[in-house]
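All heavy atoms count here, side chains included; hydrogens, waters and symmetry mates do not. Below, chain A is the first sequence line, B the second, and so on; all start at residue 1. Keep in mind the model is a prediction, meaning the values are calculated, not measured.
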Amino acid sequence: MKTIDPIFKKETLELARELLGMELVHDTAYGELAGKIVEVEAYKGPEDKAAHSFGGRRTTRTEVMYGEPGHVYMFLIYGMHHCFNIVTGPIGKPEAILVRGIEPTKGIDHMLHKRFGEKPKYLKTHYKNLTNGPGKLCRSLGLNMAHYGLPINRSEILIQPYEAIKEEDIVAGPRVNIDYAEEHIHLPWRFSIRGNPYVSK
DNA sequence: TCAGGGATTCTT
DNA sequence: AGAATCCCTGAC
């Protein structure tokens with residue numbers, strides 16, 4: 001019986017901050033694709049109006065958030081972009097952390113190819129736009145619905161220590177594109193590494 | 001069964 | 001500022 005990595009048992013907002021500076025790895029047949037996490041958002045259902053699990057909504061899509069923390073919650077947005085999330089909170093409490101930006105660390109050539117296809121030469125703008133957004137980083141790492149529900153650090157998806165981030169280098173602010181969340185729009189549950197170029201716009 | 005909308009990205 | 005694009009959801 002596989003156990004859950006204890007790091008994922010932390011409180012969601014605390015874990016969100018600690019994820020900054022850690023390395024997200026997709027271990028593929030042709031090598032590791034990886035990047036340092038530089039931006040995340042916390043979603044604390046069922047009380048959080050911005051969360052997919054608000055009000056205890058429990059469907060095929062949100063089901064994994066009701067299970068053990070440390071599993072992958074993937075969803076498709078706007079019919080074309082995948083988003084990668086880490087399930088958090090105790091069993092029965094549907095919380096998650098969305099990874100919105102990473103700084104490439106391993107397998108950059110493969111990532112460029114996955115995102116932009118075959119190019120005679122990749123430009124500076126290709127590198128800059130490789131992983132500075134939730135849909136972009138999934139495309140570059142090759143993450144999709146096939147990874148829904150996988151146990152992190154017990155599968156091809158890994159999150160491991162990489163670099164310590166000082167508390168004063170963490171920026172907290174409101175989450176992006178949640179206009180529907182009414183009084184929860186302004187909760188400062190978006191965290192990023194100050195000044196990092198791979199933080200999304 | 002179906003209309004409406006979205007935790008985005010790219011182009012104009 | 002608007003389009004692309006389609007799965008998920010809730011209502012009927």
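Distance A:Y73 OH to C:dC7 P: 15 Å, rounded to the nearest Å. Rounding to whole angstrom units, NE2 of residue A:H52 and C1' of C:dG10 are separated by 15 Å. C:dA3 atom C1' lies 16 Å from atom CD1 of A:I77, rounded to whole Å. Regarding A:Y148, its OH atom lies at a distance of 15 Å from the C1' atom of B:dA7, rounded to whole Å. The distance from atom NZ of A:K49 to atom P of B:dA7 is 15 Å, rounded to the nearest whole Å. Taking atom NZ of A:K128 as the reference point, atom P of B:dT9 lies 14 Å away to the nearest angstrom. One atom, CD1 of A:I178, and another, P of B:dG5, lie 18 Å apart when rounded to the nearest Å. If you measure from atom CG of A:N144 to atom C1' of B:dT8, you get 17 Å, rounded to the nearest angstrom.
Here A:Y43 packs flat against the base of B:dA7; its ring centre is closer than 5.5 angstrom to the base's six-membered ring, tilted by less than 30 degrees.
Nearest heavy atoms, A:V64 versus A:Y148: N-OH, 3.1 Å.
Using cut-offs of 30° and 60° for the angle between ring planes, the A:Y30 and A:H110 rings count as tilted.
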task: Could you please spell out the steps behind the side chain to side chain donor-acceptor pair (under 3.5 Å) verdict for A:E103 and A:T131?
output: CA-CA 7 Å; A:E103 177 178 331; A:T131 51; over 6 Å; no
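A:R175 comes within 4.0 angstrom of no nucleic acid atom, judged by non-hydrogen atoms across all strands.
A:S200 places no side-chain N or O within donor-acceptor distance of the main-chain N or O of A:G101, the cut-off being under 3.5 Å.
Nearer the 5' end of DNA chain C, as judged by each residue's closest nucleotide, is the contact made by A:Y78, out of A:Y78 and A:M145.
For A:Q160 and A:N153, the side-chain atoms include no donor-acceptor pair closer than 3.5 Å.
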query: Reading DNA chain B 5' to 3', what string of ( ), [ ], | and . shows its pairs, if Watson-Crick and G-U wobble pairs count only when both distances fall under 3.5 Å?
result: ||||||.||||.
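Relative to the ring axis of A:Y73, A:R61 does not place its NZ or CZ within 45° and under 6.0 Å from the centre.
Sequence neighbours left out, the pairs with a member in residues 185-200 of chain A that pass salt bridge (charged side-chain N to carboxylate O under 4.0 Å, His left out) are A:E39-A:R190.
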Check: protein-nucleotides 10-12 of chain B nitrogen or oxygen pairs below 3.5 Å:
{"residue": "B:dC10", "atom": "OP1", "partner": "A:R115", "partner atom": "NH1", "Å": "2.8"}
{"residue": "B:dC10", "atom": "OP1", "partner": "A:R115", "partner atom": "NH2", "Å": "2.5"}

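Look at A:T59 and you'll find a side-chain N or O under 4.0 angstrom from OP1 or OP2 of C:dT9. Checking the phosphate oxygens (OP1, OP2) of B:dT8, no side-chain nitrogen or oxygen of A:R139 falls inside 4.0 Å. Between A:R100 and B:dT8 there is a side-chain N or O to OP1 or OP2 distance below 4.0 Å. Applying the 4.0 Å criterion to OP1 and OP2 of B:dA7, one finds that A:N177 has every side-chain N and O outside that range.
Comparing B:dA7, C:dT5, C:dG10 by their closest approach to the side chain of A:M80 singles out C:dT5. Nearest to the side chain of A:T62, among B:dT8, C:dT9, C:dC7, sits C:dT9.
At most 12 non-hydrogen atoms from other residues, nucleotides or ligands lie less than 6.0 angstrom from NZ of A:K166. For A:K121, the NZ atom sits in a loose shell: 12 or fewer heavy atoms of surrounding residues, nucleotides or ligands are nearer than 6.0 Å. For A:H186, the NE2 atom counts as loosely surrounded, since its 6.0 Å shell holds 12 or fewer non-hydrogen atoms of other residues, nucleotides or ligands.
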